[in-house]
Amino acid sequence: MSPNTTTYVLAIDQGTTSSRAILFDHAGDIVSVGQLEHEQIFPRAGWVEHDAMEIWRNVRKAVADCLGSSPSVNSKNIAAVGITNQRETAVVWDRTTGEPVYNAIVWQDTRTAKIVEELGQGDPDRFKERCGLPLATYFAGPKVKWILDNVEGAREKAEKGDLLFGTTDSWVVWNLTGGVEGGVHVTDVTNASRTMLMNLDTLDWNPDICAEMGIPMSMLPEIRSSSEVYGTGREGGFLVGVPIAGILGDQQAATFGQACFEVGMAKNTYGTGCFMLMNTGEEIIHSQNGLLTTVCYQIGDRKPVYALEGSIAVAGSLVQWVRDNLGLIKDAAQIETLAKGVEDNGGAYFVPAFSGLFAPYWKDDARGALVGLTRYVNKGHIARAVIESTAFQTREVSEAMAADAKDKGIELTELKVDGGMTANETLMQFQADQLGVPVIRPKVAETTALGAAYAAGIAVGFWQGEQDVIDNWAEDKRWEPAVDQDDRERTYRLWKKAVTKTFDWVDEDVR
Ligand SMILES: Nc1ncnc2c1ncn2[C@@H]1O[C@H](COP(=O)(O)OP(=O)(O)O)[C@@H](O)[C@H]1O
Ligand SMILES: O=P(O)(O)OC[C@H](O)CO
């Protein structure tokens with residue numbers, strides 16, 4: 001379809017806290033938005049679930065709201081739909097009824113600690129060469145194993161071929177394309193690369209790992225590229241007949257939307273968690289420093305592009321926790337107002353290891369700590385420590401990335417940023433100070449949804465390719481490093497010390 005002023009691309013962003021539908025025009029500008037939050041279910045300490053049915057209802061409503069607010073838009077002038085999603089969150093459902101057999105187990109959930117330990121047989125990196133990931137509670141495969149082991153009747157049904165597994169992209173696409181009436185069961189290479197079940201080099205499911213995890217391969221979606229037509233919107237839906245033509249895990253989508261197409265280009269997305277990805281081109285670099293190797297994107301039948309990733313479990317969700325669990329602030333933006341009332345952190349360091357520690361530590365037995373407290377510390381200092389924790393964690397993954405990339409002659413010279421927390425200018429300045437390189441925010445902050453829209457639009461010829469993405473990208477603001485070197489190193493040294501205080505907290509018997 002050739003672009004004109006009345007054709008658009010719709011992105012559906014199924015995130016950890018909400019589902020959004022965003023309509024983009026050919027210039028990559030937002031036309032309308034629909035958004036609904038879903039419940040965060042915490043049945044026990046360390047467990048995090050979502051109701052997959054609620055997610056599907058919210059996706060439909062978000063699409064309806066998005067299209068409803070642009071009266072001239074309907075399925076006839078939408079060229080394609082792109083899906084992006086929270087990654088690793090596992091949904092298992094019955095293909096005959098369309099009902100999930102259990103709540104979706106979210107990426108932050110740590111219930112698989114024992115499974116992961118047993119699978120590791122003393123070596124958490126046992127599967128790393130094949131799938132790019134260390135054994136950790138974060139990834140989807142062990143979550144599927146947990147469901148099959150613990151939900152009554154699930155394993156028998158799975159072995160009979162009645163159950164399907166998918167990350168939330170698969171769940172949404174299956175439903176969008178017809179569900180029990182012929183829904184397509186697919187995922188893309190980026191999401192598949194977060195399951196531990198896919199070979200990074202061949203982009204096929206690995207039968208040996210599936211067997212070790214006791215996961216029947218009949219449950220698995222077909223692995224496709226990130227940019228091709230997978231199916232069309234179902235009869236009777238808002239998107240009837242529209243090609244579903246792009247799928248990218250949300251962090252990979254942001255990397256795409258930020259136009260990080262050259263080797264060495266990196267972005268960091270500051271949302272619930274924080275995820276830094278660096279494009280490493282067609283080369284698979286296995287991290288020696290605690291990072292993940294993941295698929296960055298694959299356009300149609302072209303070769304895949306890979307990335308190194310530093311995943312941080314808790315960033316914006318710490319701000320939410322300060323709001324909801326402590327009541328120190330009324331909304332997220334107030335954390336900055338509070339922090340601006342003091343000059344520094346007053347000696348306080350907050351390590352938010354609520355789901356253990358992800359990159360570069362991978363310690364699921366760590367738990368959060370607020371250290372360095374004296375009677376001098378007030379709530380302004382704590383707000384400051386909350387903001388700083390995101391920047392320190394980012395510096396840790398960025399140093400790991402620099403170390404991995406150095407041998408290949410790749411250097412991080414600037415960092416593109418996006419996500420809700422980039423509204424916090426105190427954080428952005430502190431981030432530039434800590435990294436020692438400029439931090440750059442683009443004009444369209446919704447880079448995740450935009451990336452998925454581009455992947456879908458490229459598949460149907462609405463956009464021609466990466467050059468359109470590069471041409472549409474525009475800088476909004478940049479922060480240059482401006483701190484004294486001694487200060488920078490002193491605070492970082494104390495942060496590192498604070499991190500060590502969180503290690504080895506969870507006793508074996510309560511795992
Ligand atoms: N001004 C701010 N300062 C600090 N954190 C913020 C600010 N505004 C939003 N946030 C945090 O950013 C997150 C929302 O960002 P978003 O990109 O929408 O996240 P996600 O896609 O993961 O749901 C929330 O966790 C919120 O606490
Ligand atoms: O939904 P977000 O933005 O919190 O992202 C979640 C990540 O994909 C988890 O790996």
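In what follows, residues are counted from 1 in the order of the sequence shown. Numbering of ligands and ligand atoms starts at 1, following listing order. What you are looking at is a predicted structure, and each value in this text was computed from that prediction instead of being measured.
Ring geometry for Y297 versus F256: interplanar angle over 60°, hence perpendicular rather than tilted (30 to 60°).
By the 6.0 Å and 45° rule, R224 does not stack over the aromatic ring of Y230.
The proximity of D250 to ligand 2, defined as any non-hydrogen pair under 4.0 Å, is limited to the side chain. Under 4.0 Å from ligand 2, not a single heavy atom of R194 appears.
In this structure, W171 has its ring center at least 6.0 angstrom away from the ring center of W56. For F392 and F350, the gap between ring centers reaches or exceeds 6.0 Å.
For ligand 1 and G419, the ligand atoms under 4.0 Å from any heavy atom of the residue are 17 (O). For ligand 1, the atoms lying closer than 4.0 Å to a non-hydrogen atom of I335 are 3 (N), 4 (C). Close approach of ligand 2 to T272 is summarised as follows: ligand atoms under 4.0 Å from at least one heavy atom of the residue are 4 (O). Near S317, with a cut-off below 4.0 Å to any heavy atom, the atoms of ligand 1 are 25 (O). The contact set between ligand 1 and R20, taken as ligand atoms under 4.0 Å from a residue heavy atom, comprises 18 (O), 21 (O). Annotation for ligand 1: atoms under 4.0 Å from non-hydrogen atoms of T17 are 23 (O). Ligand-side atoms of ligand 2 in range of G15: 1 (O), range being under 4.0 angstrom from any heavy atom.
Of the candidates I387, T272, D324, D331, T272 brings a heavy atom nearest to atom 22 (O) of ligand 1. Comparing A333, A254, G271 by heavy-atom distance to atom 19 (O) of ligand 1, the nearest is G271. Closest to atom 6 (C) of ligand 1 by heavy atom, among M428, M421, E37, is M421.
Within 6.0 Å of the NZ atom in K379, the count of heavy atoms belonging to other residues, nucleotides or ligands does not exceed 12. Summarising the local packing, CD of E480 is surrounded by more than 12 heavy atoms from other residues, nucleotides or ligands at distances under 6.0 Å.
Considering backbone and side-chain N/O of Q86, none are found under 3.5 Å from N/O of ligand 2. When only interatomic distances are considered, the shortest N/O to N/O separation between R87 and ligand 2 falls below 3.5 Å.
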Can H50 and E39 be said to form a side chain to side chain donor-acceptor pair (under 3.5 Å), step by step? CA-CA 7 Å; H50 293 158; E39 191 188 351; over 6 Å; no
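In this structure, E336 does not count as a contact residue of ligand 1, since none of its heavy atoms falls inside 4.0 Å of the ligand.
R87 and T167 share no donor-acceptor pair across their side chains, judged by distance under 3.5 Å alone. T84 and D250 share no side-chain donor-acceptor pair at under 3.5 Å.
Within the 3.5 Å criterion, the main-chain N or O of V48 finds a donor-acceptor partner in the side chain of D109.
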